[in-house]
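Counting convention: from 1, in listed order, for ligands and their atoms alike.
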Amino acid sequence: MAVAIEEKSSQLGVVDYNTLIRNIRCQYRCPVHMDIPEYIRLIVQGKYNESYNLMRETNPFPSVCGRVCYHPCESECKKGDTDEPVAINNLKRFVTDYVQSHTTKPSPKLRIKQREEKVAIIGSGPAGLTAAYDLANLGYGITVFEKEPVVGGMLRLCIPSYRLPREQIKFDLQYIINLGVEFKLNTNIGKDLTIDDILNKGYKAVFIATGAHKSNSLGIPGEDTKGVLDCIEFLKNVNLKKSFEIGTKVTVIGGGSSAIDSARSAVRLGSEVTIIYRRSREEMPAHSMEIKEAEEEGIKIKCLASPIEFISEDGKVKAVKCIEMKLGEIDENGRPRPVPVPEKEFTVETDFVINAIGQIPDLEVISGSSDINVSSKGTIEAEDIILRTNRPNIFAGGDIVTGSGIIIDAIAQGHFAARSINSYITGGTSGARSEEILVSLEETDFSERENNYDTIKRQLPEIIAGEERNMSFSEFTKCFTEEQAKTEAERCLHCDKTIEIETLDCVLCGRCANVCPTNAIHILTVDGKETRFRSFIDKEGIVKYKDRKACMKCGICGDCPADTIKVKKVVWR
Ligand code: SF4
Ligand code: SF4
């Protein structure tokens, strides 16, 4: 893929796409390409509102993501090559907490020129609400149809409040409400209304974003026994504060995030909890931090075991019969296949079981619209990036297309859907898929840095101990203090900046190469051989070479006597 570079002078050039992937790794890896380096720099400058506003340009859920995003950006952070990565997510949380605690009025109602066309969104999770936000900002009349009595989808129904306090959802949601988006709650599309009914009401397009909220079945005897519940039902009961009976000895089957959320919720309701997972701990799909935190809260994890039968007494579950497993050959998903070990059965006493072996989309939403294509995996078929189904005015995205995924991927899908729907309505066709990412190069300066910024250790937020926090649904990870946030932000290497050396003006004094602490600047002859720092001009001139990977944008070389060294910021658009 090529990337078009637009200089301030509006001259277009094309550079190697890999340059961006290799050099601005956090921003590239973020599915919505948040301008992470810039919002971190604004924290160093104490410009928290500006940092927040920049976050909102690409992500309508900064408060939510500051808590529960699995931050794939951090796993790619360049600082992590030599030290621990920058704590990007804790920095985001600091900014959103700061803005919330310093906001006296709710965000203003925006005046946007309204368009005549209406768009229907089915599902009020992150994908649906992102599309609603983008399209409402373009002036479309938006109605969001939601099956449940609350807005938020998985954020509200499945993620426990100790990880995501409800005020965070409300804060982000208020921006969407202020755009005049209409919500129709308790409306089950596919049952109360069909998608064609919606289109017949004059909506120009429909975006299906109902997620993956149906639990996979275990397919073993006794699954219907009283006391065996699927994790979505269980988490909904907990998060909507419904009254229900839970046991004292709870067994959770599965190793993903929903299993961990269920187990940690059950512990907070006073139960003793054991997780049973069929592969080894290394293969557990849940984030390693969540697994560690669950164990700190007293949850036992039994790996390499699988349930084969639920045993009941008086119509209620009293034990799970399991079999030991071992790891076999690698399966089609690249994970070792769990294989039962013959005659290695054992029984776990329990009075409540939560099945959390994975979620799939509930296709009831397309009942009555059976001409919408469905894949063999039970997801709706939609074109990559455009998200158009086989019907031109029906789009689908998020988990109902991709299968169960992470929040920030769903937000990215919401953006794609909004762009395609706008393109469909304004141009009569769905948006053409773009192979280009546009960036511009803007002149900037080296930022002032603390003297010791390259040796600062990663800051850690205060966390309430496991044996104390496992009794409460209150949030247990504290926010960075302002001092911690500024210190952590200093660690960023400013990978979005690029240094250009205007070789024609260079007098070859060699100062830059001498002072560079990372040996990023070399002086080469045109044939690539290193030369001494003295004037040497052949007919093609001298070429200076900079090792961009090594450069940490410290700015020491910027004091060039011939003023040949310029810094530019790469801005994604
Ligand atoms: S050092 Fe800063 S700019 Fe570079 S990848 Fe990490 S967070 Fe992003
Ligand atoms: S900014 Fe610092 S690390 Fe980068 S080339 Fe200049 S002196 Fe070297």
Side-chain angles (χ1 to χ4, degrees), residues 19-44 51 54-55 58 65-66 69 71-95 439 444-451 453-459 485-503 506 509-524 533 544-572:
T19 308
L20 291 180
I21 299 176
R22 278 199 308 266
N23 292 299
I24 318 179
R25 291 163 16 185
C26 56
Q27 192 173 5
Y28 169 74
R29 184 61 189 85
C30 171
V32 298
H33 305 310
M34 292 185 83
D35 192 346
I36 295 164
E38 188 65 37
Y39 78 61
I40 289 180
R41 230 171 358 253
L42 288 165
I43 296 172
V44 174
S51 180
L54 182 62
M55 290 175 190
T58 46
C65 287
C69 183
H71 43 75
C73 53
E74 280 187 34
S75 51
E76 293 294 323
C77 171
K78 182 171 165 180
K79 183 81 179 170
D81 292 355
T82 52
D83 191 353
E84 287 188 88
V86 175
I88 300 170
N89 225 41
N90 280 317
L91 288 173
K92 193 191 295 129
R93 173 175 167 182
F94 166 77
V95 168
V439 297
T444 184
D445 295 316
F446 284 113
S447 308
E448 279 188 26
R449 315 287 287 266
E450 290 285 325
N451 284 339
Y453 74 92
D454 54 334
T455 57
I456 299 170
K457 288 286 155 216
R458 180 174 160 119
Q459 302 295 294
K486 285 193 161 186
T487 306
E488 182 64 26
E490 279 284 359
R491 299 178 68 233
C492 175
L493 298 176
H494 300 186
C495 305
D496 58 329
K497 290 188 176 176
T498 180
I499 291 172
E500 294 186 358
I501 303 171
E502 290 167 5
T503 52
C506 174
C509 68
R511 182 191 174 281
C512 55
N514 264 338
V515 296
C516 175
T518 63
N519 203 22
I521 296 183
H522 303 250
I523 297 185
L524 303 183
F533 307 133
K544 279 193 173 187
Y545 170 77
K546 181 174 68 65
D547 180 353
R548 207 184 150 164
K549 194 160 178 267
C551 174
M552 55 184 190
K553 321 293 158 33
C554 66
I556 294 173
C557 61
D559 205 9
C560 168
D563 197 23
T564 65
I565 296 183
K566 304 281 180 233
V567 196
K568 293 191 175 172
K569 173 176 166 56
V570 181
V571 182
W572 296 47

What is the number of protein N/O/S atoms located under 2.8 Å from atom 2 (Fe) of ligand 1?
1
Main-chain N/O of [Y] paired to [X] side chain as donor or acceptor, under 3.5 Å:
X	Y	value
Thr518	Ala550	yes
Arg491	Glu84	yes
Arg25	Glu76	yes
Lys497	Asp445	yes

Show the atoms of ligand 2 that are less than 4.0 angstrom away from any heavy atom in [X].
X	value
Gly555	1 (S), 2 (Fe)
Thr518	3 (S)
Phe446	1 (S)
Ile521	5 (S)
Ile499	1 (S), 4 (Fe)
Met552	3 (S), 4 (Fe)

With sequence neighbours excluded, residues passing side chain to side chain contact (heavy atoms under 4.5 Å, CB included) with Asn89
Cys69, His71, Glu74, Lys92
Look at the N, O or S atoms of Cys557, main chain and side chain alike, and state whether any lies under 2.8 Å from atom 6 (Fe) of ligand 2.
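So Cys557 counts as coordinating atom 6 (Fe) of ligand 2, yes.
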Between Asp83 and Lys457, is the closest basic N to carboxylate O distance under 4.0 Å?
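Looking at Asp83 together with Lys457, the answer is yes, because their closest N to O distance falls below 4.0 Å.
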What's the separation between atom [atom1] in [X] and atom [atom2] in [Y], rounded to the nearest 0.5 Å?
X	Y	atom1	atom2	answer
Glu38	Asp496	CD	CG	6.5 Å
Cys506	Arg511	SG	CZ	12.5 Å
Cys30	Ile36	SG	CD1	5.0 Å

Nearest non-hydrogen atom to atom 4 (Fe) of ligand 2 belongs to which of Cys551, Cys512, Cys516?
Cys551
For a quick test of reading the model, state the closest non-hydrogen atom pair linking Ala485 to Leu91 and the distance between them.
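In this case the closest contact between Ala485 and Leu91 is O-CD2, 3.4 Å.
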Please work out, at 4.0 Å between heavy atoms, whether the side chain, the backbone, both, or neither of Val515 comes within that distance of ligand 2.
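Looking at Val515 and ligand 2, no heavy atom falls under 4.0 Å.
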